[in-house]
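Sharing a structure with you now.
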2 protein chains.
Amino acid sequence: MNIRTIEWKDNRIKMIDQRKLPNKLEYVYINNLKSLWQAVKTMKVRGAPALGAAAGLGVYLGIKNSKAKTYLSFKKELDRAAKYIATSRPTARNLFWALGNMASVAEKNRDKSISSIKKMLFKEAQGIIEEDRAACRKMGKFGAGLIKRNDSILTVCNAGILATIDYGTALGVIYRAKEERKKIKVFACETRPVLQGARLTTWELMKKGIDVTLICDNMAATLMRQGKIDKVISGADRIALNGDSANKIGTYSLAVLADYHKIPFYIAAPSSTFDLSIKAGGEIIIEERSKEEVTSLFFSKPIAARGVKVFNPAFDVTPNNLISAIITEKGIIRPPYTGKIKRLLTG
Amino acid sequence: MNIRTIEWKDNRIKMIDQRKLPNKLEYVYINNLKSLWQAVKTMKVRGAPALGAAAGLGVYLGIKNSKAKTYLSFKKELDRAAKYIATSRPTARNLFWALGNMASVAEKNRDKSISSIKKMLFKEAQGIIEEDRAACRKMGKFGAGLIKRNDSILTVCNAGILATIDYGTALGVIYRAKEERKKIKVFACETRPVLQGARLTTWELMKKGIDVTLICDNMAATLMRQGKIDKVISGADRIALNGDSANKIGTYSLAVLADYHKIPFYIAAPSSTFDLSIKAGGEIIIEERSKEEVTSLFFSKPIAARGVKVFNPAFDVTPNNLISAIITEKGIIRPPYTGKIKRLLTG
């Protein structure tokens with residue numbers, strides 16, 4: 001299987017429509033900012049690193065046809081595009097990181113011609129994509145060192161090919177372990193309400209020939225009690241300076257359960273997911289999504305009493321004391337986190 | 001709202017078809033054993049106490065038209081009916097308890113005429129129903145003593161009207177607290193895969209005017225961490241002599257999370273749910289149900305990769321050390337459980 005979650009092709013963005021999976025592998029082509037915003041908001045593309053790529057390409061999409069004559073008016077257009085993209089989803093750090101990278105490439109080259117700034121922005125957007133591909137492979141290598149033969153690994157949401165460009169963070173570790181011929185077994189939490197585990201993770205793991213078993217989120221504790229889980233690995237959407245990690249709702253629950261059952265709990269995330277401006281997880285903005293995600297099964301028929309109140313946070317924060325290690329492309333970070341995160345990422 | 005989950009009416013069993021809720025309140029009428037077995041297996045009726053009622057009425061259904069001339073041949077028919085009902089679902093204790101009660105009523109009256117034994121069996125089946133109605137109200141009264149004004153209560157699955165005859169075990173405690181004019185708020189776990197929380201609990205709590213908010217099962221930990229849950233109350237399907245309690249999958253997970261967040265975790269169950277022949281939870285048979293429950297959203301469109309392996313235990317066991325108290329119709333039992341359970345239930 002050689003698929004790319006998102007790329008620039010034929011002068012527009014090409015991405016897998018992840019809402020159609022696992023029933024259909026379908027691509028959408030995006031040639032304007034509004035469609036990009038919609039694709040992000042409705043989760044045609046999702047996963048922190050893939051959102052970084054979408055944001056980079058999105059900014060380029062927003063300025064590539066600019067008729068601006070001066071840097072200032074060009075920069076205004078770029079900022080407007082970036083600001084608009086920033087309103088799509090608030091939690092994934094990578095999206096804002098990519099927007100920041102794009103803006104600073106423009107700023108650093110403000111003395112160049114608009115057309116060469118455009119070229120540099122295209123190169124930067126491509127660079128974000130290439131950086132992710134390389135980072136995932138490095139994380140895979142570092143992370144696979146933590147995996148033993150015959151390990152049984154629990155994962156949540158989708159932190160794989162479909163959350164990145166073509167390899168994955170948490171699932172990249174699993175792919176690498178398989179490449180190293182370690183026989184492993186994966187349990188995938190279905191990950192309500194949007195079912196990224198059931199729809200995406202099982203799909204890509206099966207395509208990659210990995211032994212995967214699907215469970216409902218509320219079954220993880222039972223597996224742990226039965227001694228069937230050796231490790232938990234998840235991705236992350238934003239990691240604070242102290243290691244507190246925001247990730248898909250349900251991750252915190254798994255971290256507490258892993259702690260109770262004395263099972264290591266790992267996060268795999270590239271440095272673009274770290275937000276050093278945030279000291280601790282409490283400061284991370286948690287997106288709340290529509291109640292229909294919960295009350296209508298994957299946007300189809302109603303499954304709850306009409307008019308019921310719903311609490312639907314899309315993410316939760318796992319405090320650093322529950323995280324055994326964070327796997328990054330620069331190495332594995334173990335507690336205590338604060339100083340080490342700063343050193344590894346800025347050093 | 002004055003509804004009855006299951007009753008004997010017009011010479012047959014009348015029950016709510018719980019698979020149709022919350023979209024339609026529809027009744028089914030059952031006049032043969034095979035339909036009853038199907039109704040139990042496919043969860044048109046579910047909930048341990050309601051299954052006890054179904055089993056009692058089912059045995060009566062099985063023998064009411066018996067043409068047996070001798071007690072022995074009559075008893076053979078009764079045993080065959082009971083055995084058949086026993087194969088429907090293995091975990092709920094009440095079902096087997098009711099079957100046992102029916103058999104022993106026949107046995108105790110073996111010297112009477114077949115037609116009077118039939119009458120006694122009908123009376124016994126009705127007695128099981130009346131006993132449940134009374135027990136739920138007593139549990140409600142005892143349990144409400146644990147609830148404070150403005151408490152926010154988390155519950156799982158459906159342990160309400162629809163799991164019993166007309167009041168509920170865990171939700172009976174909530175109804176009683178409301179009758180005592182304690183303002184309370186309920187969070188209902190949707191309870192994958194069959195969504196009894198989303199479909200049944202929200203429906204009946206809203207009908208009863210209780211403030212209820214629906215969450216996905218993986219959101220409970222976040223609410224607990226945010227200090228939004230004061231108590232967790234669940235029902236039970238089978239309770240061992242030492243207090244270990246089997247209940248709907250996900251209950252154990254909530255008990256661990258409650259323990260971690262120092263929140264009391266209560267079980268509400270009538271004495272008919274206790275199985276004194278079982279010393280500890282490990283001996284309880286856990287039903288595994290079809291993979292389609294997980295892979296197809298409430299039996300409709302597929303939501304996981306085709307052919308994926310699935311682990312689908314319908315129940316889990318919460319060990320007694322995680323249970324703050326068990327609310328029964330005979331009083332509240334607190335740890336250590338073994339001696340107290342024996343004394344309260346056999347004394």
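Hydrogens, waters and symmetry mates are skipped; everything else that's a heavy atom, side chains included, is used. By convention in this document, chain letters (A, B, ...) are assigned in the order of the sequence lines, proteins followed by strands, and residues within each chain are numbered from 1.
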Rounded to the nearest 0.5 Å, the CD atom of B:Glu190 sits from the CZ atom of A:Arg192 at a distance of 4.0 Å
Comparing A:Val308, A:Val317, A:Asp316 against chain B, the one with the most heavy-atom pairs below 4.5 Å turns out to be A:Val308
Interface moiety of B:Phe311 toward chain A, non-hydrogen atoms closer than 4.5 Å | both
How about residues 212-222 of chain B versus chain A: which residues have heavy atoms under 4.5 Å apart?
-> B:Val212, B:Thr213, B:Leu214, B:Ile215, B:Cys216, B:Asp217, B:Asn218, B:Met219, B:Ala221, B:Thr222
Heaviest contributor of heavy-atom pairs below 4.5 Å to chain A, chosen from B:Thr201, B:Val294, B:Leu254, is B:Val294
CG of A:Leu25: more than 12 outside heavy atoms within 6.0 angstrom?
-> yes
Honestly, the part of A:Gln226 sitting under 4.5 Å from a heavy atom of chain B is side chain
Results of ring pair (Phe, Tyr, Trp, His ring centres under 6.0 Å) for B:Phe187 - residues two or more places apart only = none
Taken in chain and number order and not counting sequence neighbours, the residues that satisfy salt bridge (Lys or Arg N to Asp or Glu O under 4.0 Å) with A:Lys309 are B:Asp211
Region of A:Asn312 in contact with chain B, defined by heavy-atom distances below 4.5 Å | both
Of all residues at least two apart in sequence or in a different chain, which pass the side-chain hydrogen bond (donor to acceptor under 3.5 Å, both in side chains) check with B:Asn242?
-> B:Asp244
Tell me, out of B:Met224, B:Lys248, B:His261, who's got the most heavy-atom pairs with chain A below 4.5 Å.
-> B:His261
With a 4.5 Å cut-off on heavy-atom pairs, point out which of B:Thr191, B:Val256, B:Ile286 contacts chain A the most.
-> B:Val256
Could you tell me which non-hydrogen atom of A:Leu257 sits nearest to which non-hydrogen atom of B:Ser253, and how far apart they are?
-> CD1-OG, 3.5 Å
One option among A:Pro313, A:Ala198, A:Gly307, A:Ala188 has the most heavy-atom pairs under 4.5 Å with chain B, and it is A:Ala198
